[in-house]
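Structure, as structure tokens:
Note that the numbering runs from 1 along the sequence shown for the chain.
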Amino acid sequence: MTKLFIGGGIFLCILILGGYFLMRGNKPDGLITQKEKIQNDLALSREQLKKEKNKLNTMFDDLRLSFGFATTAQDQMKKASELVRQTDFMFNDPRGSNPKIIVDNPLTNISINAERGDINTLISEWQKNSDILSIKNIEVSEGEKIKRDAEAIKSFIKDLSLIVSSLTPENSGLSQSQINAYLSKLPSVESINAVLISLETAIQNASSDNSQISNNQNDFPAYSSQTFSSSESNASPNVPAVMSEAVVVQQAVVAKVQAQTTALQEQLTQIEQQIQQSSPFVATENSSATNTNAENQNTSNDNNSQSVYDQRQIIPQGIIIQPGPPQLIPGTDAF
């Protein structure tokens, strides 16, 4: 029984000490070394990301020079579409085929539900030409149609604002504060007017030099997707016209490096957390040493303050010797 007890105690000590030294070993060498490596990799990845983004921005600038009207038209179509989305809260099924305004319309002469349905249709058509690969398909001749579509969006926003402005607590069942909140969330007519002004300016500029865009579109050098397929390419994108396909490829390069940078940042965070979690072992050591020193100090203080422990000497058989004239005091060992 005694052997079993001793053996079990030894085994338990081995487990405790093994785990302790294992955790100690991971902290100073392994984790800190990993942290330093990840920090270096992260710095390099961030530098590469900056380089790839700069290259993409340059390619975008060249693309705008080559397709001035098309890029402006895309930008303004996106802005106008966003203004329509800001009215979604006023409709059930706002982007579907059968949108319904959520309040009773006091202006029965305005068919706001039908207007929103028509707007959804034209935005769907716009989306077909919203990506970079479609930029070559947007010609100046389509500018007037795009402008008319934007005018329809302006009419819709104005009509919806009129309806909400006509609401009262009596005809809507809403409180005045709710009505005011609806009005504050609606896009302004000035916002859609800014879109129309930009479109008109782009049309006028393109019409004054109509040959510029057509020449650029017809005289592209035959760039291959491999030309800009990696950050190692030395080909400069600073050419009179930049293929939209090359911009898409460069976007993919940026996305890849961005994902790599994000992953390294997450790894660094995890390593730092592991280092923090392992630090209690060091704190425990310091705390134990501090406690030991404190105990020794307390013992010393006790010995100094209680002279009886300095002067007493315990003699076997219960005889106690105290300072003063030699005396033998019979008694028992009190300790």
Side-chain angles (χ1 to χ4, degrees), residues 64 67-132 134-135 137-207:
R64 288 183 178 277
F67 299 99
F69 172 76
T71 54
T72 299
Q74 281 189 336
D75 289 344
Q76 300 311 313
M77 287 190 289
K78 290 174 183 177
K79 289 180 179 179
S81 299
E82 178 57 33
L83 291 176
V84 173
R85 283 192 285 269
Q86 291 177 23
T87 70
D88 284 357
F89 73 98
M90 289 297 303
F91 294 88
N92 291 318
D93 191 25
R95 305 185 194 184
S97 59
N98 190 30
K100 298 289 184 183
I101 193 168
I102 61 175
V103 297
D104 292 332
N105 181 6
L107 305 179
T108 56
N109 60 317
I110 298 179
S111 302
I112 197 67
N113 294 332
E115 281 192 59
R116 179 58 195 257
D118 292 340
I119 296 300
N120 289 347
T121 299
L122 74 85
I123 289 179
S124 295
E125 291 297 319
W126 278 2
Q127 288 176 343
K128 295 177 182 178
N129 289 319
S130 62
D131 58 41
I132 293 176
S134 301
I135 205 166
N137 301 327
I138 304 176
E139 299 180 355
V140 181
S141 58
E142 299 177 9
E144 289 299 331
K145 180 182 182 305
I146 294 172
K147 184 181 174 183
R148 287 194 301 271
D149 290 343
E151 291 280 3
I153 291 176
K154 176 181 177 179
S155 178
F156 163 73
I157 291 175
K158 287 180 64 177
D159 287 346
L160 183 58
S161 296
L162 284 173
I163 290 172
V164 177
S165 298
S166 300
L167 296 175
T168 64
E170 291 74 24
N171 66 17
S172 66
L174 301 171
S175 67
Q176 189 59 50
S177 61
Q178 288 176 307
I179 296 171
N180 293 340
Y182 285 165
L183 283 170
S184 66
K185 292 175 66 177
L186 290 176
S188 65
V189 175
E190 288 76 13
S191 298
I192 190 64
N193 280 341
V195 170
L196 288 166
I197 291 172
S198 295
L199 286 171
E200 179 63 29
T201 301
I203 292 170
Q204 291 176 358
N205 292 339
S207 298

Smallest separation among heavy atoms of F89 and L186, with atom names: CZ-CD2, 3.9 Å
Looking only at heavy atoms, what is the nearest atom pair of W126 and S81, with distance? CE3-OG, 3.6 Å
Within a strict 4.5 Å, meaning less than it, do heavy atoms of the N120 and S97 side chains meet? no
Any side-chain heavy atom of K147 sitting closer than 4.5 Å to one from L196? yes
Given side chains that start at C-beta, do those of D159 and L107 come closer than 4.5 Å, heavy atoms only? no
Return the minimal non-hydrogen interatomic distance between N171 and T168, and the atom names on each side. OD1-N, 2.8 Å
Could you check whether any side-chain heavy atom of P106 comes within less than 4.5 Å of a side-chain heavy atom of I163, counting everything from C-beta outward? yes
Given 3.5 Å as the limit, does a donor-acceptor pair link the side chain of T87 with the main chain of L83, or not? no
Taking atom types as modelled and ignoring hydrogens, do the side chains of S134 and D131 form a donor-acceptor contact shorter than 3.5 angstrom? yes
Salt-bridge criterion met for E151 and R148 (N-O under 4.0 Å): no
With a 4.0 Å cut-off on N to O distance, would you call K145 and D149 a salt bridge? yes
Between the side chains of R95 and D88, is the shortest nitrogen-to-carboxylate-oxygen separation below 4.0 Å, so that they form an ion pair? yes
Side-chain heavy atoms of E115 within contact of I110, under 4.5 Å: yes
Could you check whether any side-chain heavy atom of I179 comes within less than 4.5 Å of a side-chain heavy atom of Q176, counting everything from C-beta outward? yes
Identify the two heavy atoms, one from A206 and one from V140, that lie closest to each other, and give their separation to 0.1 Å. CB-CG2, 3.5 Å
Using a 4.5 Å cut-off on heavy atoms from C-beta on, say whether the side chain of S130 contacts that of M77. no
Is K79 salt-bridged to E82, cutoff N-O under 4.0 Å? no
Is there a side-chain contact between V195 and I153 in this structure, where contact means two heavy atoms from C-beta onward sitting under 4.5 Å apart? no
